[in-house]
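Here is the structure we will look at, set down as structure tokens.
Reckoned from all heavy atoms, side chains included, excluding hydrogens, waters and symmetry mates.
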Amino acid sequence: MKTKFEFEPMEKIQSKLSVAIFGPSGSGKTTSAIKLAMGIRDKLYPNEKLEDIGLFIDTERRSSTKVVGRNVGGETLEPLQLYSFEPPYDIEELYRLISYATDEAHKKIIIIDSATAFWSGKDGILENVADLDVKLAEAKKMYGAWSEKEIIYKKNILKNIMTNDKAHLIVCFRAKTEYVMEPNYKGKLTPRVVGLKEDMQADIRYEFDSVLSLDKETHGCSIVKDRIGYQEIRMTSENPESPITVEDGNILAQLVSEGMSLEEIAKLKKEKLIKFILNEKAHKSSKLAAFEAKSKMEFDEDTLNKLGYATLLKIVEVIK
């Protein structure tokens with residue numbers, strides 16, 4: 001029986017890291033992002049300069065350049081190549097930029113600081129929604145802009161960027177904040193700003209491997225979402241909410257590099273198809289013999305190894 005559905009072993013697969021960092025202004029998002037990038041480079045690309053394989057997309061008027069070269073917590077922040085993204089903050093243009101950076105400039109690590117600009121900045125998604133709502137109201141439409149195809153399209157582009165498979169991605173978000181009253185070291189109640197959540201699309205954190213929240217006062221890191229085992233490792237440390245270091249980048253890179261590569265998975269799937277075809281040949285399948293005659297090819301192991309996966313799959317579907 002032919003089927004379009006194909007199953008495969010549930011193996012742990014290597015992937016590119018996708019991590020989000022959010023926190024109030026001054027909590028250390030830029031510094032933490034660069035440290036993570038340094039750690040990823042040290043673990044996965046030890047012979048490369050960060051400025052050769054890394055790109056920093058800056059939407060904050062080149063504010064990232066103010067921290068490069070500083071020694072923070074005993075670690076000197078290294079430079080990446082810089083792209084200063086000026087308004088309008090068009091999410092489609094960001095997608096084109098990242099595609100160029102990975103496909104043409106061969107960047108392996110990308111930082112976006114801050115991605116909030118593409119949500120609530122000039123010509124960001126929220127502004128697009130507001131403009132479209134006005135047009136819909138003038139046309140006396142009974143529904144809002146969020147259900148319009150062009151807005152859904154932009155939201156999907158945003159999610160696709162966060163789940164790219166060509167570069168390790170570190171994304172900084174501004175945080176929606178509020179003040180809480182807490183006792184200071186003298187026991188006197190004083191206001192402290194805390195970051196409640198990312199200033200971004202509500203469900204965006206589901207697209208990341210890990211989402212990290214930074215504290216403004218201590219620069220400490222707490223993990224609010226994780227699916228690769230980073231939280232378990234942090235919880236065993238002496239101070240689970242300590243500031244991010246280069247070592248954290250090492251750990252995250254190690255976690256996503258464990259398991260089989262996509263190339264290895266593809267090789268196993270191809271070998272499975274070849275094994276099936278050769279088994280059918282050994283049992284003198286009439287369907288395979290007819291396919292060989294039609295294609296004027298003899299399907300021995302050498303010939304099959306030279307064929308692409310799609311061609312092999314087509315052969316299997318015909319002879320099943």
Side-chain angles (χ1 to χ4, degrees), residues 15-22 25 29-30 32-34 36-37 40 50-68 79-136 144-176 198-209 211:
S15 65
K16 292 294 188 290
L17 178 68
S18 182
V19 59
I21 304 172
F22 74 95
S25 176
K29 295 184 293 294
T30 303
S32 297
I34 294 176
L36 290 182
I40 295 168
L50 188 56
E51 59 186 340
D52 291 336
I53 63 170
L55 175 66
F56 197 111
I57 300 173
D58 188 329
T59 67
E60 307 280 353
R61 300 178 301 280
R62 294 182 171 81
S63 63
S64 58
T65 60
K66 298 176 182 178
V67 305
V68 171
L80 297 80
Q81 278 200 310
L82 177 71
Y83 184 88
S84 180
F85 204 116
E86 305 294 336
Y89 296 114
D90 180 3
I91 194 67
E92 294 182 59
E93 185 68 8
L94 176 63
Y95 182 83
R96 287 188 285 269
L97 169 60
I98 292 177
S99 296
Y100 172 79
T102 55
D103 298 343
E104 304 295 331
H106 309 296
K107 297 303 179 186
K108 300 173 182 176
I109 304 170
I110 296 176
I111 297 173
I112 306 174
D113 185 15
S114 146
T116 296
F118 299 97
W119 180 249
S120 57
K122 180 175 175 54
D123 203 39
I125 292 175
L126 290 185
E127 190 170 291
N128 292 165
V129 169
D131 292 342
L132 190 52
D133 270 335
V134 171
K135 293 178 182 178
L136 292 172
W146 288 110
S147 60
E148 285 290 289
K149 186 175 181 179
E150 65 183 89
I151 299 302
I152 295 172
Y153 175 69
K154 287 179 180 291
K155 289 174 64 179
N156 286 338
I157 288 178
L158 176 63
K159 289 186 177 182
N160 288 340
I161 288 173
M162 306 312 167
T163 55
N164 89 97
D165 60 358
K166 296 181 179 179
H168 301 281
L169 192 64
I170 304 165
V171 184
C172 298
F173 296 117
R174 293 182 177 181
K176 296 180 179 179
E198 312 93 304
D199 186 0
M200 177 51 67
Q201 183 175 324
D203 60 351
I204 196 66
R205 67 174 55 177
Y206 298 114
E207 310 304 325
F208 294 94
D209 294 321
V211 179

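Of all heavy-atom pairs spanning H106 and D103, the tightest one is CE1-O, 3.6 Å. Here the closest non-hydrogen pair linking P79 and V68 is CB-CG1, 3.7 Å. In plain terms, the two heavy atoms of D52 and K107 that are nearest each other are O-NZ, 2.9 Å. Nearest heavy-atom pair, E148 versus L136, reported as atom, atom and distance to 0.1 Å: CG-CD1, 4.0 Å. Smallest separation of non-hydrogen atoms from L158 and M200: CD2-SD, 3.6 Å. In this structure, I98 and I112 approach most closely via the heavy-atom pair CD1-CD1, 3.9 Å.
Enclosure of atom OH in Y95 is not indicated, since only 12 or fewer non-hydrogen atoms of other residues, nucleotides or ligands lie within 6.0 angstrom. No more than 12 heavy atoms of other residues, nucleotides or ligands lie within 6.0 Å of CZ in R61, so this atom counts as exposed by the packing criterion.
No side-chain donor-acceptor contact under 3.5 Å links H168 to the backbone of K16. Formation of a donor-acceptor pair under 3.5 Å by the S147 side chain with backbone atoms of G144 is found in this model. Side chain of Y89 to backbone of T59: a donor-acceptor contact under 3.5 angstrom is found. The backbone N or O of T163 lies less than 3.5 Å from no partner atom in the side chain of S18, so there is not a single donor-acceptor pair. Looking at N164, its side chain does come within 3.5 Å of a backbone N or O of A167 through a donor-acceptor pair.
One side chain, D113 or T30, offers a donor N or O that lies under 3.5 Å from an acceptor on the other. A donor-acceptor contact under 3.5 angstrom links the side chains of D58 and S64, judged on distance only.
Residue pairs meeting the salt bridge (charged side-chain N to carboxylate O under 4.0 Å, His left out) criterion with at least one partner in residues 122-133, sequence neighbours excluded, are absent.
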